[in-house]
Every structure is written in structure tokens, then in C-alpha cells.
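Structure, as C-alpha cells:
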Amino acid sequence: MPNAADLDRIKAGGPHWQWDPSKETCLGVMPRYGTADQIRWYRGPARFTYHFFNAYNEGTTIHIDGCVAEAQPAPFLYPDTIVYDVTKGVSRITRWTADYAADDGKGFEEQVLQPEFAEFPLIDDRVETGRHRIGFTGARVIGDEHKSADGIQSLNTIIRYDFDKQQATGQYVLPEHFTFQEPVFVPRNDDAPEGDGYLLALANNWTTMLNDLLILDTADLAAGPVATLHLPLRLRAGIHGAWVPEHLIQAR
């Protein structure tokens, strides 16, 4: 993805990385136990993504699901010569499909699956790198600017997405003046079906400037939290975590 470095710019004291949409997006694919000379490159227009749900293969076809934008979402990574367009920096649930066996210059497709702004995707970790069906992500409800918030501060919803049906099959919308931080998935039990369990998510209360820890049942997100822990402090915005069950910790 064309966040480009320029040695002369760096020597002059400029930023290391800047968005350059004149360059291509390049995706390299190689067999899991392959070697560097087996890398296959796919090239396309400028895109940017920070986070993915998962990727898996069906034979020589690789499916990669993530939250993809047409341009870099961070305005501070733009040079003065390029006007920041917030509409192009909106990441959406997107599937990239690459056929490793296709002829050069062919075999890559991009499909936008969900129109809303979405970020911080996750799946049930038990199916990671295998075929997944259910995903969860922060999102913004259609038409709701959520009190003029921008970027990740406008994530007022958590959705459950069914990749087989290619549609959202559940959502929880926070009350006014709240936004989400990145959720974590907890299976209901070791034998629970994929995606059946709970989401733990910090909610930012922009009125009190404190945080709540929400516990949501993935079987019925719309019902709202099954439990809410009102924290007596404000936690800094954080990203990336994982639920580790106690028996795995004890086994170490």
C-alpha cells in the first residue's frame, strides 16, 4: 500500500512516510511453507487497510477479508500537495480474492461487502487461518454522524457479519455520546459453534469522560449488554487484544 518513504525528504527533516496515491497497491502471496522465489505479486489501484478479519485458502484461491479504504485515513500522512478527502479514507468490509494459479496480471478481485464505515475487525480465534463465517467489527450506523465525531471516534456500533450470507446479521448501537474501542471475542464454551459467545468492549462516555466495560451476547447483540462494569476512571484508547482461557494459561 503506497505509504511511501523518500530518502531525500527524510534527510531534509521531513516525515518518513507519506501517502502517494500515484503508486500501486502490491499484494504478495506465497505458499505457507514456500520460499521467496514462489511469491506471486498482484497489483492494483491505491488502497489502504490497517486491520483484517482473517484469510484462508480454498485450493489455490485465497480469500482475504478486511476493512479497506480507497485512501490513507490519517490526514497527517498527506503531503501538502494532496487534499485530504475524508470520503476516500472510509474503510469498509471488503473481500480480496487472489487465485495463485491464474496467469500473470490476472486472478485478483475486490468486493466491497458492507457500505458503512467499519474498523477493528475480529473473528472467533478458534478458526483463525481457516475458513471463517462470522466476523465482528466496530461500525457507524448509516446516516448517523454521531455528534460530528470523525474516524474511529465515530464507531458507535458493533456488528456481527455473516460472510456466507454477505450481510450483517446483528448489531448493537450505543447510546448518544458513547463510542466503542476494539472488542474481544470470548467463546461461550470450548465446544460452542463459531462466533457463539460474548464480546468484551470498552465504551467511551464522552459526557463523563469515563469508560464502561460492556459484555455483549453475540447471539443477540441488539438486546444490549448482559452486564456493564462502570469503571471509575478513563482509560486511554487501546487496540488489539485477545481472550485467553484459564486452562491455556495453566498449561504453560
Side-chain angles (χ1 to χ4, degrees), residues 51-54 65 67 93 113-114 116-128 130 132-147 149 152-251:
H51 303 114
F52 292 94
F53 289 93
N54 187 40
D65 293 329
C67 294
I93 299 177
L113 301 177
Q114 188 77 6
E116 291 89 355
F117 170 51
E119 189 50 282
F120 300 134
L122 71 153
I123 60 166
D124 184 333
D125 289 341
R126 297 173 300 170
V127 298
E128 195 171 44
H132 62 276
R133 174 173 180 173
I134 303 300
F136 305 96
T137 186
R140 182 170 63 200
V141 173
I142 295 176
D144 188 345
E145 296 301 324
H146 216 55
K147 302 305 176 187
I152 62 172
Q153 300 301 346
S154 65
L155 293 173
N156 63 350
T157 303
I158 286 182
I159 65 172
R160 171 190 171 111
Y161 192 84
D162 188 317
F163 285 93
D164 285 358
K165 295 181 178 180
Q166 294 196 352
Q167 65 183 37
T169 55
Q171 70 173 19
Y172 171 62
V173 183
L174 277 165
E176 189 176 329
H177 304 303
F178 280 83
T179 56
F180 276 114
Q181 295 189 32
E182 183 175 4
V184 171
F185 174 75
V186 182
R188 196 175 305 275
N189 54 60
D190 288 346
D191 300 320
E194 178 193 350
D196 180 36
Y198 302 94
L199 293 175
L200 307 184
L202 284 171
N204 307 309
N205 185 329
W206 296 104
T207 300
T208 66
M209 299 304 289
L210 301 175
N211 287 96
D212 292 340
L213 176 62
L214 309 183
I215 303 176
L216 299 160
D217 191 326
T218 62
D220 190 3
L221 291 179
V226 297
T228 300
L229 284 71
H230 300 290
L231 305 182
L233 71 164
R234 177 188 177 189
L235 297 176
R236 294 180 180 272
I239 56 175
H240 308 330
W243 174 264
V244 182
E246 183 178 9
H247 70 270
L248 291 182
I249 297 176
Q250 293 176 341

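In plain terms, the two heavy atoms of Thr137 and Cys67 that are nearest each other are OG1-SG, 4.1 Å. Residue Ala242 comes nearest to Val184 through the heavy atom pair C-CG1, 3.9 Å, listed as atom of the first residue, atom of the second, then distance.
Looking at residues two or more places apart in sequence or on another chain, you find a side chain to side chain contact (heavy atoms under 4.5 Å, CB included) between Leu233 and Leu231, Leu235. Contacts of Leu210 classified as side chain to side chain contact (heavy atoms under 4.5 Å, CB included), with partners at least two apart in sequence or in another chain: Thr208. Remark: Glu182 pairs with Phe120, Ile239, His240 by the side chain to side chain contact (heavy atoms under 4.5 Å, CB included) rule, at least two apart or across chains. By the ring pair (Phe, Tyr, Trp, His ring centres under 6.0 Å) test, Phe185 pairs with Phe136, sequence neighbours left out.
Taken to the nearest 0.5 Å, the OH atom of Tyr161 stands 4.0 Å off from the CG atom of Leu113. Going from atom CG of Asp125 over to atom CH2 of Trp243 covers 12.0 Å, rounded to the nearest 0.5 Å.
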In a table with atom names and distances, give each donor-acceptor pair under 3.5 Å that connects a side chain of residues 190-198 to protein atoms at least two apart or in another chain.
residue: Glu194; atom: OE1; partner: Arg133; partner atom: N; Å: 3.4
residue: Glu194; atom: OE2; partner: Arg133; partner atom: N; Å: 2.7
residue: Glu194; atom: OE2; partner: Ile134; partner atom: N; Å: 2.9
residue: Asp196; atom: OD1; partner: Arg188; partner atom: NE; Å: 3.0
residue: Asp196; atom: OD1; partner: Arg188; partner atom: NH2; Å: 2.8
residue: Asp196; atom: OD2; partner: Arg188; partner atom: NE; Å: 3.1
residue: Tyr198; atom: OH; partner: Arg188; partner atom: NH1; Å: 3.1

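A distance of 6.0 Å or more separates the ring centres of His132 and Phe53.
Within the structure, side chain to side chain donor-acceptor pair (under 3.5 Å) contacts touching residues 218-236 (residues at least two apart or in different chains) are Asp212-His230.
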Exercise for review: Could you please spell out the steps behind the side-chain contact (heavy atoms from CB on, under 4.5 Å) verdict for Leu199 and Ile158?
Suggested key: CA-CA 9 Å; Leu199 293 175; Ile158 286 182; 3.6 Å; yes
Exercise for review: Applying side-chain hydrogen bond (donor to acceptor under 3.5 Å, both in side chains), run through Asn204 and Asn211 and close with a yes or a no.
Suggested key: CA-CA 5 Å; Asn204 307 309; Asn211 287 96; 2.9 Å; yes
Exercise for review: Evaluate the criterion side-chain contact (heavy atoms from CB on, under 4.5 Å) for residue pair Phe178 and Asn156; output intermediate values, then yes/no.
Suggested key: CA-CA 7 Å; Phe178 280 83; Asn156 63 350; over 6 Å; no
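No donor-acceptor pair closer than 3.5 Å links the side chain of Asn54 to the backbone N or O of Ile123.
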